[in-house]
Amino acid sequence: MRLFAFLAALAFAGAATADAEFTLTIRDHKFEPAELKVPAGQKIKLLVVNEDDSAEEFESHELNREKIVAPKGRITVIVGPLEPGRYPFFGEFHIETAQGALIAE
Amino acid sequence: MFAALLLVFREVLEAALIVTIVLAVTRGVPGRGRWVLAGVAAGVVGAITVALFADGIANAMEGMGQEVFNAGVLLLAVAMLAWHAIWMSQHGRELAAQMKAIGGAVANHTRPPSVLIAVVALAVLREGSEVVLFMYGLSAGGTSSGAQAIGSALGLVAGVAVGALLYFGLLRIPMRHFFTVTNWMVVFLAAGMAGQAANYLVQADYLPALKQKMWDTSWLLTNQSDVGNAMRALVGYDAQPTGIQVAFWIGTAVLIALGMKSLGRAKPAPASRGGVAPEGSPVAPT
C-alpha cells in the first residue's frame with residue numbers, strides 16, 4: 001500500500017511539473033508571434049518551427065540560449081522557471097528582422 | 001554586411017583562439033603547422049557534415065540532440081586537454097630544456113600529440129558548423145548576399161588575425177615561463193569547456209542548474225561583447241553562470257591541477273631539480 005501511495009505521489013509530482021508547451025514560427029525571417037506570453041515560475045517547452053529555406057539560430061542573452069534551427073526544421077528549447085519579466089530573443093542569422101520576446105507573467 | 005562580418009568573426013575567433021593555444025603549446029615541434037592545418041581541415045569537413053545533418057541532430061534525443069551533441073564534443077575536448085596538460089607536466093620541463101639547448105626544435109618528438117590535433121578539429125567543427133549553415137543560407141539567395149559574402153570573408157580574416165595577435169603575444173613570454181603559462185591556459189580552456197558542456201546539459205534538462213544565476217558581472221563584461229566572447233572561448237567566462245557551470249569549471253580545473261601535481265612528480269626528479277646533481281653542478285639549467 002505504501003508503495004502505491006509513493007507511486008501515486010510520484011505520478012502526481014510528474015503531472016504537476018509537466019512543461020507548458022508553446023510554439024514560435026519563423027517565417028520570412030520573422031518570429032510569429034513576435035511577443036509570446038508564458039507563465040512565470042515554471043518550466044516551459046518552446047517549439048521553434050522554421051518555415052524558411054535557410055537556417056536560423058534562435059538566440060537569447062536573457063534566457064542564455066543559443067540553438068540552430070535547420071531550414072524547414074524545428075527545435076525544442078526548454079527554459080525556466082522564469083521570473084516575471086520580458087526576455088528578448090532573436091534570430092542570429094537574420095538579426096535585422098528576426099526579433100521577439102517572451103513575456104513571463 | 002556588418003551583421004555577417006560580426007557573426008563569422010565571432011565564430012572564427014573562438015576556434016582561432018583554441019588553435020592559437022594549441023600552436024603555442026606545440027611550439028618547437030617540427031611539422032606542427034602541417035598537423036594543425038590537417039586538424040583544421042578535418043574540422044571543416046566535420047562542420048559541413050554536422051551542418052548537413054543539423055536537423056537530424058536537433059531532433060535526436062527527444063529534441064535535445066543539439067545540446068547533447070555540443071556537450072559531447074566539448075567534454076571530449078576537455079578529456080583530451082586534461083590528458084595533454086598532465087602529460088606536459090611530466091615532459092614540459094624536458095621539452096623547454098631541449099629547446100633551449102638546440103635552438104628551438106625538439107629532437108625526440110617527431111609530431112605534435114594527436115590529442116591536440118583532435119582538439120583543433122573539434123573546435124573548428126563546433127564553431128564552423130554554424131558558419132556553414134549561415135553561409136549556406138546566403139548562397140541560397142537573397143538580394144544582399146554579395147555584400148554578406150564579403151562581410152563573411154572579412155570576418156574570417158579578422159578572426160584569424162586576432163588569433164595570430166594572441167599567438168605572437170604569447171611568443172614574447174620568456175622561454176623558462178612559456179610552457180607553464182601555456183599549460184595553465186590549457187587548464188582554463190578545459191575548465192571553461194566543461195562549464196559550457198554542463199550548461200548544454202542543463203538546457204537539455206539532463207542536469208539541474210543548481211542555481212540559475214550564481215552572480216552577474218554584466219556590469220563589468222557582458223557575454224555579448226567581443227572581449228566577453230573571447231574570454232568565454234579562452235577561459236569559459238560567463239557573466240551569469242549557473243551553479244553547475246561553476247561547479248564543473250572548478251571541478252575540472254582542480255582535477256587537472258591535481259593530476260599535474262601528482263603525476264608530474266611521479267617521475268624521478270630530473271637532475272636539474274637538484275636531487276641527484278651535486279651542488280653547483282655545471283649542467284643545471286637556469
Side-chain angles (χ1 to χ4, degrees), chain A residues 14 17-19 21-24 26 28-29 40-83 85 87-99 104, chain B residues 1-4 6-8 10-11 50-67 69-70 129-142 144-145 148 196 199-206 209 212-213 218 222-225 228 238-242 245:
Chain A
T17 57
D19 307 337
E21 274 197 46
F22 297 90
T23 304
L24 277 172
I26 302 169
D28 298 328
H29 312 312
Q42 71 175 88
K43 243 180 217 168
I44 297 148
K45 233 181 198 175
L46 277 181
L47 187 66
V48 184
V49 181
N50 184 5
E51 294 192 348
D52 289 340
D53 291 324
S54 57
E56 189 53 89
E57 185 172 54
F58 175 86
E59 184 164 353
S60 170
H61 302 309
E62 285 74 9
L63 296 165
N64 194 11
R65 290 291 182 273
E66 197 177 353
K67 196 164 174 176
I68 285 178
V69 203
K72 302 278 181 202
R74 53 180 57 203
I75 56 161
T76 311
V77 183
I78 300 173
V79 294
L82 297 173
E83 284 168 25
Y87 299 85
F89 54 79
F90 57 93
E92 205 192 358
F93 292 175
H94 304 91
I95 209 162
E96 295 88 355
T97 52
Q99 296 277 351
Chain B
M1 179 179 142
F2 279 108
L6 209 65
L7 184 141
V8 175
R10 289 186 163 185
E11 301 300 330
V50 169
L52 280 176
F53 294 104
D55 201 35
I57 292 173
N59 290 328
M61 323 275 301
E62 292 170 21
M64 290 298 134
Q66 214 177 101
E67 284 84 351
F69 178 80
N70 278 323
S129 59
E130 197 172 311
V131 176
V132 170
L133 279 169
F134 177 67
M135 306 274 262
Y136 175 79
L138 293 187
S139 69
S144 59
S145 60
Q148 297 220 322
Q196 289 176 53
N199 261 1
Y200 276 119
L201 293 175
V202 169
Q203 291 176 22
D205 215 12
Y206 283 27
Q212 280 293 343
K213 220 189 267 186
S218 297
T222 63
N223 289 345
Q224 300 91 286
S225 66
D238 193 330
Q240 303 170 355
T242 61
Q245 184 180 2

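So that the names make sense, note that chain A is the first sequence line, chain B the second, and so on, each numbered from 1. Please read all numbers here as calculations on a predicted model, not as lab measurements.
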Using the test ring pair (Phe, Tyr, Trp, His ring centres under 6.0 Å), find all partners of Phe90(A) that sit at least two apart in sequence or belong to another chain.
His61(A)
Between Asp238(B) and chain A, with a heavy-atom cut-off of 4.5 Å, which part of the residue counts as in contact: side chain, backbone, both or neither?
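Side chain of Asp238(B) only, per the 4.5 Å heavy-atom cut-off to chain A.
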Donor-acceptor pairs under 3.5 Å, side chain of residues 59-66 of chain B to any protein atom, not counting sequence neighbours: which ones?
from     : atom 1 : to       : atom 2 : distance (Å)
Asn59(B) : ND2    : Asp55(B) : O      : 3.2
Gln66(B) : OE1    : Ile68(A) : N      : 2.7
Gln66(B) : NE2    : Ile68(A) : O      : 2.8

Name the orientation class of the two ring planes belonging to Phe89(A) and Phe58(A) (parallel below 30°, tilted from 30 to 60°, perpendicular beyond 60°).
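Geometry flag for Phe58(A) against Phe89(A): tilted rings.
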If I measure from the heavy atoms of chain B, does Glu96(A) come under 4.5 Å with its side chain, its backbone, both, or neither?
side chain
Could you tell me which portion of Glu92(A) (side chain, backbone, both or neither) has an atom closer than 4.5 angstrom to a non-hydrogen atom of chain B?
both
Tell me, out of Ile95(A), Ile75(A), Asn64(A), who's got the most heavy-atom pairs with chain B below 4.5 Å.
Asn64(A)
With side chain to side chain donor-acceptor pair (under 3.5 Å) as the test, would you mind laying out the steps for Glu56(A) and His94(A) before giving the verdict?
CA-CA 7 Å; Glu56(A) 189 53 89; His94(A) 304 91; 2.6 Å; yes
